[in-house]
Amino acid sequence: MGDNNLLNTPQILWNLLSATSIDDMNYIYKGEFSEDIAHYLLLLAERNIERNQLKGRLKKRVFHIMVESVQNITRHQDIIEEDNLQKAMFAIQKFSNIYLVTTSNLVKKIKVQYLKNKLETINNMTEEELNEFYKEVLMEDSFTSKGGAGLGLIEIARKSGNKLYYDFVDFNDEYSLFYMHTFIYLNEEDKKTYLPKIYSFNFIKELHKVLDKEKIPLVYCSVFDQPSLISLISILSSQIQGNLSFRKKIISTLVEMLQNIMHHGYLRVDDNEHKGALGMFYISFEENKFSLNTINYVSNDKIKDLQKKLNYINSLSLDQVEDLYNKQLLNFQDTDSNLGGLGFLEMRLKSKNKLIFEIKTINELISYFALKVDFKLD
Amino acid sequence: MENLILKKTNDKPAVVFIPEKGTFQITGECWPENAVKFCKTIFDWLEEYYNNVPLSTTTFDIRLTYFNTSAQKQIIKLLRFLKQKNTKHKTKINWYYNILDEEAKQDAERYLLLLQLTDLMEIIPIDNTKIEGQTK
């Protein structure tokens, strides 16, 4: 086993992964919301929607609500500049035929009552009234300086066909965290579906709290296939600070980790176009460390080899790893898709750290494989 | 024979092989879902090219800014393949790397050494701003 005590995966993330099934998705981003990042966030979510082959109208509705929600954050969040606090969150979850979008951002307390009134007004309207109200607001000149405030909320309510669930949580004397939780149903019957706990408003609020405390800005729990990798990597490339060499090391490691899940993960969807497997990826920060973390399912019959291989790589010095790497580079006997590949060696070389891993048995057939790669921050 | 032109994507490089113009370029990032499958197209084309009537000298311009480990294995295979072709048909490889990317340079030097390519491969630093998708 690896150094279990160094893995530190918060319990709530294990809960999230174990409750996510192969058709579902949990994707949480917390941090800076620029137009660029919003774009990639939406791309990744869109990819997932596409894979689930949503019919045109629903797809549009889901996408529309995501865009409005992200824009609500980018336009209306109040940022506490001096602390550089990045509390804003965007979460999209999918369970069966139901999509849920949850957002959170800081608002000045003096705005809270105004917002509450607006939300209540919207929630008390019938569908027709809402459509009328939408037209009214659209015609009115009373846009705020930030453009269209209120219209976004009305749109979310209209497109979701649901109440706007919201909450304000005290942040400090001056600010509150404004949470909004929106359901999007494919059809009426879905409203009766029992939703597992991880899709509840309370769970997401709790998750937000933990991610904040543990300095985890991104969690993606779903199927990893090449298109979702491309989106994830674009988000991260635009976010990683540091020089070219540092950024490249992180991207190289990330590609190897995520493609490992894609190729070797146990719970799989292999359709005609792409193959992929269920897993979780998250980023975490510790004192002077930045870590890439993955957890996926592995078949128990692969565990021994996996442990042996990782323990061996960890036992080598970096020079020895480099020699082994060169040797393997010229070795065309092994196929690229087995564990004899270069992926783990690359992670060890790029991070210059040991690969921290943990294997947790689930049943006689499968286990969780958790892997963490640390990078020192200067 | 037909040219080989593969469009650049997020995870695949542009491949532009136009024998008439003496153009043999690979430009971009390479970390596809299946590197073996992607590179097979390239190998098949090259095999046919060398079996027909290749140019008196075939010069490859390779500008790869990033590749994953499985693509790297295919690159090694490609370099080895070209070295072997060079014994009959003169082949040159210009391997470009971003001048700011010290590790890319080290990678190239490693290939040169491991595969003994000094006769045919040149490692050329290139300004970052010019590294993306130019044609001659």
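On a predicted model such as this, the values are computed, not experimentally measured, just so you know. Chain naming here is simple, since letters A, B, ... match the order of the sequence lines and numbering starts at 1 in each.
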*Asks:* Taking CZ in B:F43 as the centre, count heavy atoms belonging to other residues, nucleotides or ligands within less than 6.0 Å. Is the count above 12?
*Replies:*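 Yes, CZ of B:F43 has more than 12 neighbouring heavy atoms, counting only those of other groups under 6.0 Å.
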*Asks:* Rounded to the nearest 0.5 Å, how far apart are CG of B:L114 and CG of A:N326?
*Replies:* 4.5 Å
*Asks:* Between A:K350 and chain B, with a heavy-atom cut-off of 4.5 Å, which part of the residue counts as in contact: side chain, backbone, both or neither?
*Replies:* side chain
*Asks:* Less than 4.5 Å apart, side chain to side chain, heavy atoms only: is that true for B:F67 and A:V255?
*Replies:* no
*Asks:* Going by atom types only, do A:E256 and B:N68 share a side-chain donor-acceptor pair under 3.5 Å?
*Replies:*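 The answer is no; no qualifying pair exists.
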*Asks:* Is the backbone of A:K249 close enough, under 3.5 Å, to the side chain of B:E103 for a donor and an acceptor to pair up by distance?
*Replies:*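 No, B:E103 side chain to A:K249 backbone: no donor-acceptor pair under 3.5 Å.
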*Asks:* With rounding to the nearest 0.5 Å, note down the distance linking CD in B:Q72 to CG in A:L342.
*Replies:*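 That separation rounds to 6.5 Å.
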*Asks:* In terms of heavy-atom proximity below 4.5 Å to chain B, should A:S252 be classed as side chain, backbone, both, or neither?
*Replies:*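 A:S252 touches chain B through backbone and side-chain heavy atoms alike.
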*Asks:* Measuring from atom CD of A:Q226 to atom CG of B:N34, what distance do you get when rounded to the nearest 0.5 angstrom?
*Replies:*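 Going from the CD atom of A:Q226 to the CG atom of B:N34 covers 10.0 Å.
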*Asks:* Quick check for you: to the nearest 0.5 Å, what is the distance between A:L244 atom CG and B:L100 atom CG?
*Replies:*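 Reported to 0.5 Å precision, the distance equals 6.5 Å.
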*Asks:* Could you give the distance from OG (A:S237) to CG (B:N10), rounded to the nearest 0.5 Å?
*Replies:* 9.5 Å
*Asks:* Taking A:K248 first and then B:E102, would you say they form a salt bridge - that is, a charged N and a carboxylate O separated by under 4.0 Å?
*Replies:* no
*Asks:* Are A:I233 and B:D11 side-chain neighbours, meaning at least one heavy-atom pair lies under 4.5 Å?
*Replies:* no
*Asks:* Under 4.5 Å from any heavy atom of chain A, what part of B:E33 do you find: side chain, backbone, both or neither?
*Replies:* both
*Asks:* For the CG atom of A:N260 and the OG1 atom of B:T69, what is their distance to the nearest 0.5 Å?
*Replies:*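 One gets 8.0 Å once the value is rounded to the nearest 0.5 Å.
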*Asks:* Evaluate side chain to side chain contact (heavy atoms under 4.5 Å, CB included) for A:I230 paired with B:W31, printing each intermediate quantity in order.
*Replies:* CA-CA 10 Å; A:I230 291 173; B:W31 47 286; 3.7 Å; yes
*Asks:* Are any side-chain N or O atoms of B:K73 and backbone N or O atoms of A:Q328, one a donor and one an acceptor, separated by less than 3.5 Å?
*Replies:*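 At least one qualifying donor-acceptor pair exists.
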*Asks:* Evaluate whether atom CD of B:Q106 has more than 12 neighbouring non-hydrogen atoms of other residues, nucleotides or ligands under 6.0 angstrom away.
*Replies:*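 More than 12 heavy atoms, drawn from other residues, nucleotides or ligands, come within 6.0 Å of this atom.
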